[in-house]
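These values consider heavy atoms only, across backbone and side chains, with no hydrogens, waters or symmetry-generated copies. Naming: A, B, ... by sequence-line order, numbering from 1 per chain.
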Amino acid sequence: MKWIRWPGFIAFIILAVIIAGAWLFLMDGIVHNRIERYGTKAVGAKVELDSVDISLFPFEVELIGLQITDPERPMINAVEIGLIDVALNGPDLLRRKIIIDGMRIIDVEFGTKRETSGAILEDKGLKKDKDQEKDFTSSSTSEKGISLPSLDVPDINDILDREKLDTLVLADSLEKEMKAKEVEYKKRLEEMPGDKEFEDYEKRIKKLESTKGDIGGIIKGVQEADKIIDDVENDLKLIKDAKKQFERDYTSLKIRVDELSNAPQKDFIRLREKYSLSSQGIGNMSRLLFGPKVGAWIDKGLYWYKKMSPIFEKSLKDKKAEEEDIKPVRGKGVNVEFREKTPMPDFLIRKIDTSLKLDLGKLWGEIENVTPEQGILGLPLTFNFSGDTLKDAESVDLDGVIDHINPGASVDRAQMRLSGYRINNTVISEQKELPIILEKGSLGMDLDTVFRNNVFDINVDAIFNSVKLKITPKESSGKITRAIVDSLSKISSLRVNAKVKGTFDDYKSDISSDIDDVMKGAIKSLVQDLTASFEKGLKSAVFQKVNGPISDLKQDLSGLSEINKALTSLEKQGNDLINGLVSKKGSGGGIKLPF
Amino acid sequence: MLKIILKFIKVLNSENNPHQISLGFCFAMIVGFTPIFTLHNILLLLLVLILRVNLSGFILGLIVFSGIAYLLDPLFHALGLFILKAGPLEGLWTALYNSTIWRLENYNNTLNMGSLIISLILFVPGYFLFNLLIVNYRDKVKGFIEKLKIVQALKASKVYSLYQTLSG
């Protein structure tokens, strides 16, 4: 046939062979390059691979010597993996699904040293993510920044020098008021009618008595008598008003002086509550000692969990976004999904066999059903790790489930059992007042964590056996600190329990341990004696300081009563005069009528 | 050995009938418009080599239509999305989605679908149009072009003499 060109068929075969050969020859290098390039971009620091080996029959990929740099510590690898061996399912690959039936990840190590720096030039996007991560990592927990309460009895003189006593303030105010009143009433006394005025009245009365005469003179005499009575009554009214007002003021001042007697007791109670050694402070020692460390571990755990968890929801969001009217990348388009007869995730690793190299030894583990599309698979991710021939521990078991099959009701659990973990020279407390180092000990720990829709519940039970603590307090430490050091030094076993509940942004922790009971038992009576002695001394010092001003006030009050006496005397003089006048006028004594 | 290779290439480039050139352009349109690494493009490449299609025209057309495709990407995507989301066709697409060969073809990609549909629609009219243009070019324009000094200079170059040798 004229339309067929048979050499073209040969050309096609040759071309296919060349392409296949190039693919086989170059594929290892391409995959190597892609992993390093895209891995570096994703992590934000260098991802390096020693070699890649791809075989077609069976379809397997082998990655050797993978190093993932810690973005925050460029000379340290976050993860280093000796070997990754992946067997891929060919037909599923043709259907654009990466389904891995089995995977081996061997010799995983964390925090290994690098020979060269793994830092890369940052772009704005990466830097922003880093800042966000740093913000999260450095967000303060409720456990940071708590300092130990004072473990020594404070100096009473220092307290009284520092603190303002309300008693003295009130006394000072009262004294000023009393002095002002004294001046006021003394001035009024001077202005009031006194002995001279009453003598004048007596003279006028005597003059009136000696007057004899006709009726006109008698009438004039009566009028004069009335006038004298009016004058005396007016003066008497002034005196009485002043006396009434004085009595009111005096009573008020007296009441306040009496009330002032209670003020020293109130001052003492206030200072006692502020400065006395709090039993609650001693009782919360576990929280103060272990809190910062527990807080740091929780922060780190939550940071990694928050970083990992979006992976299980990312894919669903991506798919929805792709199908919506979002501008696709040029030359790429968008893949529209349809219903599958046997739905499978786009990416799934059915089983990973792995080994981890940790400080305490080697752990072997299995992880099953790794996929970001658990809703399609219908199975949660499960993991379990164990080790029983460990360098620094008897055994460790870690297992858990990450269940995001229903994103609205996700439940993630993890449990760990650690026994016989040998600890050496570990800092327990970094508090300056009471630094504690666990020189040696054996740790057994049970950890249970549950994350349910971003609310978590963590319970840790740790038992330290064969414990030797090293405590180096300051040389100037007081009796209580020394007593605490003595009791802690005798501890040979210790139990710590920590419960943490809440959300990522708002959680509460409750930490308790044997240390609380040990401290209470050992120093209880000492604290009681010291507290009683302190309170007695404080009370005595407060009352001693305020007694002088209170006595002075009482004396000033007595001084004011003299004014009352003067006013009373004047009142009596006035009343006697009035009464005498009225009686003489009534009996007609001294005034003789002509008939 | 070199003579055998040259002879082989000559054979492949010997088709210069207007129909053969037009067919080359039409196949190039499909390959140029659609994403390059697809199953249908492998088949088209086989067709281009087996059928007596002008290879030079195919390569030239591929370059031109790839450039045009970059500009028409949004149109291809919109059309592809419309077709793939069409309700009446959902059953068909679902059946194809569960077939390995069609998944390999990546038919459910909007760009692939849209560009393939448009290039298939334009294939037949394109064939006749290119044919007409080539015939008219040869009758009316070619003589004028060959007289241009730049064309004469190009013809005198080594590149052209190599092309002449290969195209027979």
**Q.** For chain A, the option from G80(B), P35(B), P74(B) that forms the most heavy-atom pairs under 4.5 Å
**A.** P74(B)
Q: Heavy atoms only, distances under 4.5 angstrom: which of T94(B), L46(B), I36(B), L45(B) has the most pairs with chain A? Name it, please.
A: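 It is L46(B).
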Examine whether an atom of [X] lies under 4.5 Å from a heavy atom of chain A, and if so say whether it belongs to the side chain, the backbone or both; otherwise answer neither.
| X | value |
| --- | --- |
| S99(B) | backbone |
| N106(B) | both |
| L23(B) | side chain |

How about [X]: does its [atom1] atom have over 12 heavy atoms from other parts shown lying under 6.0 Å from it?
| X | atom1 | value |
| --- | --- | --- |
| F82(B) | CZ | no |
| E366(A) | CD | yes |
| F347(A) | CZ | yes |

Q. What residue pairs, at least two apart or across chains, pass ring-ring contact (aromatic ring centres under 6.0 Å, His included) with a residue in residues 32-52 of chain A?
A. none
Taking the side chain as everything from C-beta on, heavy atoms only, tell me whether [X] gets closer than 4.5 Å to [Y].
| X | Y | answer |
| --- | --- | --- |
| Y107(B) | V336(A) | no |
| I50(B) | W6(A) | no |
| T110(B) | N335(A) | no |

Is a side-chain donor or acceptor of [X] paired with a backbone partner of [Y] at a separation under 3.5 angstrom?
| X | Y | answer |
| --- | --- | --- |
| R96(A) | R103(B) | yes |
| N98(B) | R339(A) | yes |
| R5(A) | L51(B) | yes |
| N108(B) | E337(A) | no |

Q: Run the numbers on L94(A) and I101(B) for side-chain contact (heavy atoms from CB on, under 4.5 Å), then give the verdict.
A: CA-CA 8 Å; L94(A) 295 176; I101(B) 198 82; over 6 Å; no
Q. With a 4.5 angstrom heavy-atom cut-off, which part of I13(A) approaches chain B: side chain, backbone, both or neither?
A.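 When you check distances to chain B, no heavy atom of I13(A) falls under 4.5 Å.
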**Q.** Atom pair CG (L93(A)) and OG1 (T100(B)), whose distance is rounded to the nearest 0.5 Å
**A.**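 If we round to the nearest 0.5 Å, L93(A):CG and T100(B):OG1 are 11.5 Å apart.
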Q) Given V334(A) and N109(B), is the side-chain contact (heavy atoms from CB on, under 4.5 Å) satisfied, shown in steps? A) CA-CA 5 Å; V334(A) 167; N109(B) 181 273; 5.9 Å; no
(Q) My understanding is that only residues two or more places apart in sequence, or in another chain, count here; which of them pass side-chain contact (heavy atoms from CB on, under 4.5 Å) with I117(B)? (A) L79(B), I83(B), M113(B), I121(B)
